[in-house]
Amino acid sequence: MLVLLCLFGCTDDDSLRDGNDKQWIEKTIAVVLPMEKGLDEHWYRSFGMFAENFERAFKGYDVGIKLRFEYFDESTEDISELAEKIAYNDDYYAVIGGLYSSDAALLASQLTRVGKTLFTVATSEELVRAYAWSGYLWAMTETDITQCEVLLSKVVNYGGNSVALIAKRDDIYGKTFIDWFAFQAKELGLENKGVFAYDEYSLEEMSRQAMQSGAEYVICVPSEIDEIGPMLGSYTIHPRAGEYSAPRLLFSDTGYGTDVLTLYGEKAEGLEGVAFGADPESGFDVSYRTFFGVAPTVGEAQIYDACMLLGYAAWYQYLNPKASLQNSLRTIVLGEDLNMGSWTGEDMGLVIDALAAGNTPFVRGASGQLRFDKKIFTNVLATTYYNYKLYNGQYIFLDYNTSDGGNRTDATLAGWNWKASQAQEFEDSSSIVYSECKGNWALLVATSREWTNYRHQADVLAIYQQLRAAGYPDDRIILIAEDDIAYNPSNIEPGVVRVSLGGVNVYENVSIDYKLSELSSDDFLAILKGESNSRLPEVIDSNESENIFIYWSGHGVPGGMCWDDNDYGITGDQLSDALNDMYNQNRYRKLLMMVEACYSGGVLQQCEGMPGMLFITAANADETSKADVFNAEMRVWMSNRFTSTFIEQITQNRAISMRDIYYRLFINTVGSHVMVYNAVNYGNLYSADMSEFINFVANK
């Protein structure tokens with residue numbers, strides 16, 4: 001463990017007096033940042049510059065606030081052990097750290113649980129969504145949802161038409177880009193040439209495939225700077241004869257920083273990308289270069305501002321002894337009084353004066369406006385992004401982008417409320433005539449198991465409860481689920497499963513017909529087609545007068561829907577063949593299949609052409625679907641946005657039209673495009689409604 005004490009604080013006492021008999025109230029901040037490859041010098045400069053400026057802010061006061069910084073090396077510490085140590089140590093006023101998203105998540109899981117404030121510059125969208133509701137996570141940048149958008153916007157601005165992505169699978173940082181890339185590319189009118197997800201063994205091969213994908217641009221998202229080299233080595237990024245050879249590479253913020261220069265030197269010449277930094281109008285970059293002779297590294301402006309907000313909050317608490325740190329911070333960032341400048345000692349002195357006078361000034365910092373979401377105060381609403389390029393061994397800025405604007409002033413959870421704009425339109429197929437419905441069947445399946453996949457079983461159980469409330473008897477619902485979460489050791493409420501915080505117990509009085517591990521995907525198709533045997537006694541025994549409702553929740557891969565550990569449990573061809581058999585045998589009147597799985601559109605699209613069938617998927621063929629509602633105490637996602645929206649809508653109105661349920665799902669299922677397939681062979685979606693599948697009709 002590396003522990004260094006800042007020169008600006010050298011005592012464990014909460015207060016001390018200087019030579020001028022001024023009383024200083026000290027607050028100790030734990031700083032968890034990487035200290036390797038020259039980064040340590042940057043952090044010492046930033047924290048030292050803040051401490052000196054903040055001390056000047058109390059000129060003329062008999063009492064002042066000093067922040068004392070205790071450093072921990074993010075690169076060498078066991079972050080889980082460190083987080084637990086800091087969490088239960090009352091000597092630490094707050095924590096600043098987690099440059100890397102995976103480390104920030106470990107810190108947040110411990111610190112937010114005990115109510116200790118964490119300021120971070122990590123950018124993973126999942127980090128923010130998971131710990132936002134605790135109220136103790138303060139993200140000083142918008143998430144990589146925005147960074148991905150900015151990178152793709154660069155492609156559009158450069159006149160590009162096609163793009164590919166390379167990012168690390170099973171990594172909290174790369175996951176945001178993987179989850180949002182295809183969605184945003186479609187929204188921006190770009191052709192997606194592929195998402196190339198690598199692991200520790202396949203980086204070079206995936207880099208090569210991305211470069212050979214035919215994309216004009218490749219968005220490169222290395223999770224660590226050591227992974228930049230193989231991406232650079234897979235294709236020459238230097239311009240030839242005044243033009244860029246296709247593809248042109250654009251790196252994420254990992255490509256910007258002193259550590260990159262230290263590691264790669266001339267090999268990185270020409271590297272280009274996007275990184276978050278200081279607002280150019282604040283003058284922070286210019287001052288930093290003037291004082292220290294080098295440019296700040298990624299995150300320094302945001303870290304400086306985190307110190308500033310904590311300093312203001314400590315001063316506010318001194319003036320208002322009953323105020324908590326969280327309420328003090330919220331008061332600071334909600335200030336609407338006169339703008340008191342920015343980050344310099346003089347500017348901070350004006351804020352100190354205003355707070356002492358009982359005012360709440362509008363606060364800006366080195367990174368720009370310090371405005372946070374007004375509902376949960378978790379993520380800053382505006383971030384400045386540099387379009388950087390390495391030229392002659394130095395970073396130069398080609399231009400700046402900011403996400404500040406009216407469309408984000410109420411954006412909770414860092415862009416999670418992105419509104420899609422490409423809803424499907426449907427033709428009038430009212431000429432299709434159906435006989436009277438004389439019965440209903442439902443087949444509900446959660447195709448994953450284990451605690452980490454809690455949401456899939458929870459969602460299916462919630463659908464089960466909706467059908468039971470609408471009159472379905474158990475013998476008309478076939479439920480497939482592993483049943484390993486209600487009494488899982490990680491469940492703090494044994495026997496209880498919920499899809500929302502404080503929601504109803506959807507496990508109550510549940511009758512599960514088959515455990516997932518007892519069946520194969522072929523068994524699922526046999527159950528659907530009504531092929532019973534001694535091992536499969538419960539099947540869909542339907543006829544041409546009965547409607548069938550299928551709800552599938554689980555994982556998916558491009559071209560397949562996962563069944564337990566089998567990535568390609570069911571392919572489009574397999575499902576299409578089974579549904580075609582049902583059509584030929586007159587085994588249904590109408591059939592609705594809804595699928596909550598990544599890339600599910602690619603499978604159901606292959607099932608088009610069958611009369612009387614309608615398919616609704618949470619994502620198209622290129623996109624991941626998104627989890628929703630994180631339970632920080634149990635460390636698990638409780639539901640998926642597609643399913644939670646569906647339940648909300650049918651709870652309000654079981655007779656909602658098929659077109660309206662699609663529209664509501666489309667608008668609210670953010671991060672993927674909800675798709676409808678085979679509508680032309682189903683009928684008029686404006687007059688057909690969900691009640692045909694939700695409300696039970698007894699067999700006549």
Side-chain angles (χ1 to χ4, degrees), residues 42 46 49-50 53-54 57 96 99 119-123 128 137-147 149-151 153-154 253 256-257 274-290 295-313 329-348 350-351 354 360-374 377-388 395 397-415:
H42 282 273
S46 294
M49 184 167 63
F50 165 78
N53 283 332
F54 201 55
I96 296 175
L99 183 65
F119 277 82
T120 186
V121 290
T123 53
V128 173
L137 176 68
W138 291 75
M140 295 304 292
T141 71
E142 289 185 272
T143 73
D144 289 323
I145 296 174
T146 303
Q147 186 176 176
E149 174 194 350
V150 172
L151 281 162
S153 297
K154 287 296 173 189
D253 53 50
Y256 179 84
V274 164
F276 57 90
D279 180 351
E281 295 182 358
S282 73
F284 182 82
D285 275 356
V286 174
S287 297
Y288 192 100
R289 290 173 186 265
T290 301
T297 194
V298 65
E300 279 196 81
Q302 285 74 18
I303 286 171
Y304 187 100
D305 288 347
C307 294
M308 189 172 66
L309 290 177
L310 284 169
Y312 290 156
L329 285 167
R330 294 180 177 191
T331 299
I332 298 300
V333 300
L334 284 175
E336 298 289 350
D337 293 340
L338 185 65
N339 185 347
M340 291 299 179
S342 186
W343 59 275
T344 67
E346 291 74 14
D347 290 340
M348 289 192 287
L350 295 175
V351 175
T360 51
F362 177 84
V363 175
R364 294 179 63 92
S367 61
Q369 296 183 16
L370 297 178
R371 283 289 189 244
F372 286 76
D373 185 287
K374 292 184 179 180
F377 298 88
T378 294
N379 59 279
V380 73
L381 295 174
T383 303
T384 297
Y385 292 92
Y386 304 149
N387 183 187
Y388 64 81
Y395 287 102
F397 301 144
L398 304 178
D399 59 23
Y400 299 89
N401 298 86
T402 179
S403 57
D404 188 19
N407 65 318
R408 294 190 186 272
T409 54
D410 292 320
T412 62
L413 303 185

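From a predicted model like this one, the values you see are computed outputs, not experimental measurements.
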S.K.: With sequence neighbours excluded, what pairs up with D279 under the salt bridge (charged side-chain N to carboxylate O under 4.0 Å, His left out) test?
M.R.: R364
S.K.: Can you confirm whether the side chains of D399 and Y385 place a donor and an acceptor under 3.5 Å from each other?
M.R.: no
S.K.: Can you tell me how far the CD1 atom of I332 sits from the CZ atom of R330, to the nearest 0.5 Å?
M.R.: 13.5 Å
S.K.: Could you tell me how the ring of Y256 sits relative to the ring of Y388: parallel (under 30°), tilted (30 to 60°) or perpendicular (over 60°)?
M.R.: tilted
S.K.: Can you tell me how far the CE atom of M49 sits from the OG atom of S287, to the nearest 0.5 Å?
M.R.: 7.5 Å
S.K.: Of the non-hydrogen atoms in V351 and P361, which two are nearest, and what is the gap between them?
M.R.: CG1-CG, 3.9 Å
S.K.: Any side-chain heavy atom of Y400 within less than 4.5 Å of one from N387?
M.R.: no
S.K.: Does some side-chain heavy atom of T360 sit less than 4.5 Å from a side-chain heavy atom of E336?
M.R.: no
S.K.: Is the backbone N or O of A301 less than 3.5 Å from a side-chain atom of S367, with the two atoms forming a donor-acceptor pair by type?
M.R.: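 No; judged by distance alone, with no hydrogens or angles, the pair does not exist.
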S.K.: Considering the options V380, L309, I96, T383, which one meets the side chain to side chain contact (heavy atoms under 4.5 Å, CB included) requirement together with M140?
M.R.: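 That would be L309.
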S.K.: Does the side chain of D337 reach to within under 4.5 Å of the side chain of F362, using non-hydrogen atoms?
M.R.: no
S.K.: Holding to side chain to side chain contact (heavy atoms under 4.5 Å, CB included), I want the full list of residues that pass it with L334, two or more places apart in sequence or in another chain.
M.R.: K374, F377
S.K.: Sequence neighbours left out, what passes side chain to side chain donor-acceptor pair (under 3.5 Å) with Q302? Give chain and number order.
M.R.: none
S.K.: Check L329 against A313 and note the closest heavy-atom contact, atom names and distance.
M.R.: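 What the structure gives for the nearest pair is CD2-CB, 3.7 Å.
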S.K.: With under 30° as parallel and over 60° as perpendicular, where do the rings of F284 and Y288 fit, or are they tilted in between?
M.R.: tilted
S.K.: Evaluate E300 against R289 for salt bridge (charged side-chain N to carboxylate O under 4.0 Å, His left out), listing each step before the verdict.
M.R.: CA-CA 12 Å; E300 279 196 81; R289 290 173 186 265; over 6 Å; no
S.K.: For residues P280 and D285, determine if any side-chain heavy atom of one lies less than 4.5 Å from a side-chain heavy atom of the other.
M.R.: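 A side-chain contact under 4.5 Å is absent here.
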S.K.: Side-chain contact, heavy-atom cut-off 4.5 Å: T123 with F276?
M.R.: yes
S.K.: Answer yes or no: is there a donor N or O on one side and an acceptor on the other, between the side chain of Y304 and the main chain of W343, under 3.5 Å?
M.R.: yes
S.K.: Write down the atom of V298, the atom of L99, and the distance for their closest heavy-atom approach.
M.R.: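 Smallest interatomic distance, heavy atoms only, reads O-CD1, 4.3 Å.
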S.K.: Please check this pair: side chain of T297 against backbone of G257, looking for a donor-acceptor N/O pair closer than 3.5 Å.
M.R.: no
S.K.: Quick one: closest heavy-atom pair of F372 and A139, and the distance?
M.R.: CE2-O, 3.7 Å
S.K.: Determine, step by step, whether L310 and F119 satisfy the side-chain contact (heavy atoms from CB on, under 4.5 Å) criterion, reporting the C-alpha distance in whole Å, the side-chain angles of both residues, the deciding distance to 0.1 Å, and the verdict.
M.R.: CA-CA 9 Å; L310 284 169; F119 277 82; 3.6 Å; yes
S.K.: Hey, are the side chains of V121 and I303 touching, using non-hydrogen atoms and a 4.5 Å cut-off?
M.R.: yes
S.K.: Any heavy-atom pair between the side chains of M348 and N53 that's under 4.5 Å?
M.R.: yes
S.K.: Is Q147 reaching over with its side chain to a backbone N or O of D253, donor-acceptor style, under 3.5 angstrom?
M.R.: yes
S.K.: If every non-hydrogen atom of A366 is compared with every non-hydrogen atom of D305, which pair is closest and at what distance?
M.R.: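 Shortest heavy-atom separation between A366 and D305 comes out as N-OD1, 2.7 Å.
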S.K.: Looking only at heavy atoms, which two atoms of S282 and G365 are closest? And how far apart?
M.R.: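 Scanning both residues completely, I find the closest heavy atoms to be CB-O, 3.8 Å.
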